[in-house]
Amino acid sequence: MALTGLEIYKQLPKTNCKDCGFPTCLAFAMKMAAGQVSLDKCPHVTDEAKAALESASRPPIQLVVIGSGDNEVKVGNETQLYRHEEKFYRPAAVAVRVSDALDEDALAERAEKIGCLGFERVGTTIRVNLVAIDNESGSADPFEKAARLAAEKSNLACVLMSASAANLAKAAAALSGQRPLLYISDPAEAEAAAKVAKDNHCPLAVRADGPDALAELTPKITGAGVEEIVLDPGTRDLKATLEALSAIRRLSLKSFRPLGYPIIAFTSNSDPTVQAIEASTYVAKYAGVVVTDAVEPWQMLPILTTRQDIYIDPQKPVAVEPKLYEVGEVGPESPLLVTTNFSLSYYSVEGEVEASRVPAYILAVDTEGTSVLTAWASDKFNAETITQAMKKSAIEEKVSHRQVVIPGFVAVLSAGVEDESGWSVQVGPKEASGISNFLKNQWKA
Ligand code: SF4
């Protein structure tokens, strides 16, 4: 049973030292009671108080660790229903399915392809986390063989999916020490699978028909000694799955312990485009693990982009370091382009400059990570801030010309920048996609 704010407050040091980031101990206690902050944010709490507050500090959604070493993925431990109220913490793990009914070459090829599904986006690598081996053959031997091969060829942590606890036991033993997520699709086998999970120190995903049936099942799994559980509400079509995922998330955040676990969702549509839509939807709301057949890069990019966007902190724009960047072999004649230090803006410009093959300087002005128009509207991207950034970068010592290119959307700043900096302004394109053509055909030093 969750503690109230006042019950938590009684256990705190009551010094109001603010080290936790809250103005008073009471404010901290109220946030903790609401599940929005964890006890470890207070560095002064005593061991006795920690023990007393264990139930309050326990996350409403269990943390589940899949894989080991560099392949380790953590899911769960979320505290919010709506991202804007704080943020989502643990990005959904994306798994691509491979069947143990494939022949060895086809299986190895698919697993290798899954392991290579990664992209660079706004300065970050986004990639698939898991390979899901599906015991479609129904037999233990091919399942075990497929598990070994898929783990080796993909170099990813695994989800082992079967209707049989005995088959799971054989494949789990083959991946000893790699901590795969075991998924048992037959509810009647769930308790036997719990024993397998306990013996192999693995997390366990269980399936039941809807939240009510899951709530009845999970106490049996914890009773068998498995705490790290993942829930499959059994739905497969988009609408029903979204409803089930939302219901489980709501109930778990109300500290309903039987449903306080991450959720696994499966794409089911045979249309490759719809698969990507299904997976992206489950990533956004509220799956901890998404299993899909979407193995093509064009399918996976939107899924991983959705995940990257959903799991950034909405109160902290993704920013690059505000400074002068060199793209290519720059020289005294190279153009100077100015943009903001919002990651998406910067990398859009950088990508287009690279594509143009015209070496250039890009000056990322500190706008606290906001985009060109937002920064301009809030007066963070103006003649003064641009000129200050130019001076700080010492660009006048690097180029022989005195021409600066500003984004087309803020052409209105031209006169101010010229007055403030003494440089001539060339108005660049409004969209980054026009930069390549601009540099090749319009830029003049
Ligand atoms: Fe109180 Fe601890 Fe926060 Fe200090 S860090 S204000 S003692 S809750």
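Below, each value reflects all heavy atoms present in this structure, side chains not excepted, and no hydrogens, waters or symmetry copies. Indexing begins at 1, ligand by ligand and atom by atom, following the structure's order. For reference, positions follow the sequence shown, starting with 1. These numbers were taken from a predicted model, which means no experiment stands behind them.
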- Could you pull out all residues at least two apart from Phe28 that satisfy ring pair (Phe, Tyr, Trp, His ring centres under 6.0 Å)? Phe22
Distance-only check: which donor-acceptor pairs under 3.5 Å involve side-chain atoms of residues 207-217, not counting sequence neighbours?
none

- Task: Enumerate the residue pairs fulfilling ring pair (Phe, Tyr, Trp, His ring centres under 6.0 Å) with a member in residues 164-214, sequence neighbours excluded, ordered by first and then second residue.
- Result: Tyr183-Phe266
- In this structure, which one of Thr339, Asn341, Thr340, Thr374 forms a side-chain contact (heavy atoms from CB on, under 4.5 Å) with Phe381? Thr340
- Query: Is there a donor-acceptor contact under 3.5 Å from the side chain of Ser334 to the main chain of Tyr361?
  - Reply: no
- Query: Hey, are Lys195 and Glu191 close enough for a salt bridge, meaning a charged N less than 4.0 Å from a carboxylate O?
  - Reply: no
- Query: If you leave out waters, which protein N, O or S atoms are less than 2.8 Å from atom 4 (Fe) of ligand 1?
  - Reply: Cys17 SG
